[in-house]
Amino acid sequence: MIFRRSLLFASLAAMCATGAWAQSAWPSKPVSLIVPFAAGGPTDVVARSLAASMSRTLGQTVLVENKLGAGGTVAASYVARAAPDGYTFFIHHNGMATAPALYRKLAYNPLTDFEFVSQAVDVPMTLLARKDFPANNLQEMIAYVRANQSKINLANAGLGAVSQLCGMMFERAIGVKLTAVPFQGTAPAMNALLGGQVDILCDQTTQTIPQIKAGAVKFYGVTTRNRIKALPDAPTLAEQGLKDFEVIVWHGIYAPKGTPKPILEKMNAAVRTALKDPDVTRRMADLGAEIAPDSKLSPEGLHSWLKSEIDKWGPIIRASGTFAD
Ligand code: MLT
């Protein structure tokens with residue numbers, strides 16, 4: 001009897017020492033999901049939609065926290081240094097892949113300083129201007145921008161934001177250089193566009209569809225190769241002459257390096273459940289987002305996708321000469 005009890009204590013002590021106890025009880029308190037841009041913007045919309053469903057699956061609140069700055073790199077640096085205890089996760093988009101080329105001094109390595117959970121949704125972008133911008137279709141808009149480029153500004157969410165990437169590709173496609181106006185997310189950039197303080201914004205459908213449908217902005221086309229279901233009558237930029245213009249925003253979920261594998265597996269299962277949740281699928285479809293296919297939902301799938309995106313965007317960004325010290 002005494003022998004059996006001491007065996008029990010010994011195995012309990014071993015479980016605590018290895019963290020196995022903490023892992024099996026995970027999560028025993030709210031879990032943070034860090035969003036690198038402003039509340040109310042496209043990344044935040046995706047994060048909050050997933051978080052509501054994941055909270056139900058995990059039995060603990062998944063708390064969305066917005067950590068702003070430097071096109072998402074402030075939040076990524078924070079997560080790379082956070083405790084790997086299963087209570088900090090991170091959602092980020094293409095910026096995870098473009099930052100190494102854009103920032104000469106990046107405080108983290110996207111491929112080696114994180115654990116990988118899953119991809120989530122793919123989101124098209126839309127090219128917009130303020131409502132009273134003097135151009136009613138893409139051809140008029142390009143002609144007006146070329147003729148007035150010194151007077152026109154382009155809002156974005158900083159170096160590393162997809163709005164910056166899309167804006168830079170648009171400038172290159174039509175051969176202009178506009179004045180960039182950076183915000184800490186496209187939620188404030190959209191407010192500035194609605195208020196007429198900025199001229200042009202390329203932004204994700206997860207934020208722009210309501211404004212397009214309300215006629216609150218001028219809308220010139222979508223950045224996908226094919227038209228999208230949520231805006232079936234909207235032409236793509238490519239079909240209107242900007243040949244090969246394509247930007248799709250993908251989202252990955254990460255954790256600090258060293259987060260225990262059993263916790264990563266539970267988180268991956270919670271993400272997969274969220275991506276099948278009718279509340280999430282309906283909202284994402286209304287906002288033009290596509291649920292990532294099963295092949296993109298493994299940690300390995302996210303890691304190899306991120307590597308391919310770093311390899312793809314690095315040379316394009318370096319050739320553009322866009323970077324921050
Ligand atoms: C946001 O949530 O504000 C956006 O994802 C910013 C961007 O990358 O353009």
Side-chain angles (χ1 to χ4, degrees), residues 33-51 64-76 78-79 89-103 110 119-129 153-171 178 180-194 198-212 217 222-224 237 245-254 283-284 287-290 292 306 309 313 316-317 322 324:
L33 180 60
I34 307 294
V35 167
F37 298 103
T43 315
D44 188 75
V45 164
V46 170
R48 284 178 202 273
S49 197
L50 295 175
V64 171
E65 282 181 56
N66 304 81
K67 287 212 180 293
L68 315 181
T73 59
V74 167
Y78 168 85
V79 175
F89 288 86
F90 182 41
I91 182 165
H92 198 4
H93 56 33
N94 314 44
M96 199 71 165
T98 55
L102 289 168
Y103 288 85
Q119 285 199 52
V121 294
D122 293 338
V123 183
M125 300 192 79
T126 48
L127 183 64
L128 310 174
N153 62 44
L154 179 62
N156 66 41
L159 274 187
V162 284
S163 45
Q164 181 269 329
L165 185 69
C166 181
M168 180 188 88
M169 287 173 62
F170 179 65
E171 287 178 316
L178 307 176
V181 184
F183 294 83
Q184 292 198 323
T186 52
M190 175 61 82
N191 285 339
L193 191 76
L194 295 173
V198 294
D199 298 314
I200 299 174
L201 172 66
C202 188
D203 194 15
Q204 295 158 72
T205 55
T206 32
Q207 167 159 268
T208 63
I209 281 183
Q211 305 300 350
I212 290 169
V217 290
V222 293
T223 65
T224 41
L237 297 179
F245 196 105
E246 188 183 18
V247 191
I248 297 170
V249 184
W250 54 272
H251 296 78
I253 298 175
Y254 308 84
R283 181 147 167 74
M284 290 299 104
L287 294 176
E290 289 222 357
L306 176 62
E309 285 283 285
W313 288 109
I316 299 173
I317 292 168
T322 312

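Counting starts at 1 for both ligands and their atoms, following the listed order.
Pairs engaging residues 37-49 under the salt bridge (Lys or Arg N to Asp or Glu O under 4.0 Å) rule: Asp44-Arg48 [sequence neighbours left out].
In this structure, the side chains of Ile248 and Thr224 come closer than 4.5 Å at one or more pairs of heavy atoms.
Contact record, Tyr103 with Leu159: OH-O, 2.6 Å, taken as the closest heavy-atom pair. Contact detail for Ala38 and Asn66: the closest heavy-atom pair is C-ND2, 3.6 Å.
Relative ring orientation between His93 and His251 is described as perpendicular, the plane-to-plane angle rising above 60° on a 0-90° scale split at 30° and 60°.
Going from atom OG1 of Thr73 over to atom CG of Leu102 covers 9.5 Å, rounded to the nearest 0.5 Å.
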Show me a pair-per-line table, with atom names and distances to 0.1 Å, of protein N or O atoms that are under 3.5 Å from an N or O of ligand 1.
unit_1: ligand 1; atom_1: 2 (O); unit_2: Thr43; atom_2: N; d: 3.0
unit_1: ligand 1; atom_1: 2 (O); unit_2: Thr43; atom_2: OG1; d: 2.8
unit_1: ligand 1; atom_1: 3 (O); unit_2: Thr186; atom_2: N; d: 2.7
unit_1: ligand 1; atom_1: 3 (O); unit_2: Thr186; atom_2: OG1; d: 3.4
unit_1: ligand 1; atom_1: 5 (O); unit_2: Thr43; atom_2: OG1; d: 2.6
unit_1: ligand 1; atom_1: 5 (O); unit_2: His93; atom_2: NE2; d: 3.3
unit_1: ligand 1; atom_1: 5 (O); unit_2: Gln204; atom_2: NE2; d: 3.0
unit_1: ligand 1; atom_1: 8 (O); unit_2: His93; atom_2: NE2; d: 2.7
unit_1: ligand 1; atom_1: 8 (O); unit_2: Val162; atom_2: N; d: 2.8
unit_1: ligand 1; atom_1: 9 (O); unit_2: Ser163; atom_2: N; d: 3.0
unit_1: ligand 1; atom_1: 9 (O); unit_2: Ser163; atom_2: OG; d: 2.6

